[in-house]
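In what follows, a structure is listed as structure tokens, so that the remarks can point back to it.
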Protein chains: 2
Amino acid sequence: MPAKPVTPRDVGVRDRLLDAADRLFYTEGVRSVGIDRVLADADAAKASLYAHFGCKDELVAAYVQRRVEAARSTIDRFVRDVPPRARALRFFDWVVEWAESADFRGCPLQHVVAELSDEKHPARLIAARQREWILGRLTEWARAAEVSHPNRVAGALMVLFDGAIAAAEQDGPKRARDARWTAEKLLGAPRR
Amino acid sequence: MPAKPVTPRDVGVRDRLLDAADRLFYTEGVRSVGIDRVLADADAAKASLYAHFGCKDELVAAYVQRRVEAARSTIDRFVRDVPPRARALRFFDWVVEWAESADFRGCPLQHVVAELSDEKHPARLIAARQREWILGRLTEWARAAEVSHPNRVAGALMVLFDGAIAAAEQDGPKRARDARWTAEKLLGAPRR
DNA sequence: GTGCATACAGACAGGTCTGTCTATCTCTCG
DNA sequence: CGAGAGATAGACAGACCTGTCTGTATGCAC
């Protein structure tokens with residue numbers, strides 16, 4: 001039962017804490033998981049956590065921040081090897097892959113927003129910035145695809161992205177494929 | 001700032017409790033809000049809550065159940081006065097209206113799913129059934145619209161619905177309009 | 001009026017959670 | 001060797017939360 005020492009003990013306590021927080025917060029939620037669970041999973045002392053992060057909210061923010069950074073670099077790497085005009089659809093290939101991956105459990109950012117009702121929570125501010133970043137990329141790719149209303153299409157792709165993740169969490173990865181199929185319609189044949 | 005007695009005291013304590021639970025759970029989350037908050041807002045006694053609902057989880061389930069029933073009748077009433085082939089798009093008109101309403105704060109079911117990591121929680125079972133109901137309606141309407149791949153279109157509409165609500169919660173109601181616009185494209189120009 | 005169902009009021013127990021603090025250990029650098 | 005940085009271990013305070021229990025008040029049926 002006890003999912004124990006996944007991160008070896010010589011990696012530095014900060015990374016160990018972040019790894020444990022990531023595992024537990026993502027699979028069970030930031031409010032369901034208490035500090036003590038993170039400490040046990042990281043095999044770390046409480047003082048270490050508070051020395052490195054100050055409070056639980058900052059640990060949550062650091063968890064979200066690391067997720068955001070990983071997502072940005074993953075996405076940019078994923079679309080890099082196709083021409084700009086194909087990148088929007090390629091992005092949805094990544095979404096499908098993510099939704100199909102074994103440990104997929106929905107969007108950590110959507111979860112954090114739902115769990116933390118305070119809009120000023122540091123983790124929520126990070127999540128809000130990430131939405132802007134994604135919308136920026138989608139807009140850029142929609143323009144490159146030469147669709148007739150790039151801003152509207154970018155907004156629609158944003159909806160498809162959010163919907164793909166939220167729906168795939170409940171109904172399985174086929175919803176991500178439905179989203180990709182829809183994106184293809186938005187981007188594809190209509191040259192006008 | 002204490003939002004006090006919104007429901008008059010002669011409506012029956014069960015309804016008062018449900019009204020208070022609905023307000024607080026929807027705006028702040030089912031885990032953020034404790035029993036005592038609900039009791040104070042409902043102007044009720046703790047014994048009444050436990051006599052009527054047994055435990056907090058069942059109160060949460062009753063809250064979700066009431067939301068679900070209200071949504072079903074609202075949706076069916078909303079699409080009733082257009083022909084079947086126009087109902088899918090009409091459904092997204094309702095989504096737009098909901099996202100534009102003043103107290104819109106996202107989908108209560110998505111929030112409950114994010115907040116309660118236990119898939120067997122009674123509230124989550126109710127939420128899961130509601131998804132099936134919605135998908136059923138969308139499939140029915142997609143068929144009536146005579147699209148070429150009704151199941152696929154229904155799945156895509158489900159994604160658009162989830163995405164509209166999730167994205168509108170963050171970005172405002174324009175995302176719901178983006179979703180409607182996309183649905184229009186999926187359902188084809190010939191309509192009305 | 002008596003009895004009963006329903007509701008209010010609130011104390012209380014038991015648990016959990018965050019955050020602080022003290023004490024100890026270990027490793028590295030000088 | 002010795003000092004200090006960084007870590008562990010865990011007790012503890014204070015807050016909060018769920019659920020139980022006792023006692024009291026109100027209103028209705030008979």
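Each chain gets a letter, A, B and so on, in the order the sequences are listed, and its residues count up from 1. Since the model is a prediction, treat every value here as computed from it, not as a measurement. Worth knowing before you read on, the calculation uses all heavy atoms, side chains too, and leaves out hydrogens, waters and symmetry mates.
Between the OH atom of B:Tyr50 and the C1' atom of C:dC12 there is a distance of 14 Å, rounded to whole Å. Here the P atom of nucleotide D:dT8 and the NZ atom of A:Lys46 are 14 Å apart, to the nearest Å. In this structure, the CD atom of A:Glu115 is 14 Å from the P atom of C:dC17, given to the nearest Å. Separating the CG atom of B:Leu39 from the P atom of C:dC8 is a distance of 9 Å, rounded to the nearest angstrom. Taking atom CD1 on A:Ile35 and atom C1' on C:dT20, their separation rounds to 13 Å, with Å as the unit. One can place CG of A:Asp15 at 15 Å from P of D:dG6, the figure rounded to the nearest angstrom. Atom P of nucleotide C:dC8 and atom CZ of B:Arg14 are separated by 14 Å, given to the nearest angstrom. The CZ-C1' distance, from A:Arg31 to C:dT16, rounds to 13 Å in whole Å.
Considering all non-hydrogen atoms of both residues, B:Ala154 and B:Ala142 come closest at N-CB, 4.4 Å. The minimum heavy-atom distance linking B:His111 with A:Ala114 is given by the pair CD2-CB, 3.9 Å.
B:Leu116 and B:Val113 are not part of a single hydrophobic cluster, where members link through side-chain heavy atoms under 4.5 Å apart.
Distances shorter than 4.0 Å separate none of the side-chain N or O atoms of B:Ser48 from OP1 or OP2 on C:dA7. For the pair A:Arg37 and C:dT18, the criterion of a side-chain N or O lying under 4.0 Å from OP1 or OP2 is not met. Not one side-chain nitrogen or oxygen of B:His52 sits closer than 4.0 Å to the OP1 or OP2 atom of C:dT6.
Geometric assessment of A:Arg67 against the ring of A:Tyr26 yields a positive cation-pi assignment under the 6.0 Å and 45° thresholds.
Distances from the side chain of B:Val13 to the nucleotides C:dC8, D:dG19, D:dT8 place C:dC8 closest.
The aromatic rings of B:Phe91 and B:Phe161 sit tilted, their planes meeting at an angle between 30° and 60°.
Enclosure of atom CD in B:Glu69 by more than 12 non-hydrogen atoms of other residues, nucleotides or ligands within 6.0 angstrom is indicated.
At a threshold of 4.0 angstrom between heavy atoms, the contacts of A:Ala47 include nucleobase atoms, whether or not backbone atoms are also involved.
Taking five base pairs at each end of the helix from C:dG1-D:dC30 to C:dG30-D:dC1, the local helix axes there meet at an angle of 0°, rounded to 10°.
A:Arg90 places a side-chain N or O within donor-acceptor distance of the main-chain N or O of A:Phe78, the cut-off being under 3.5 Å.
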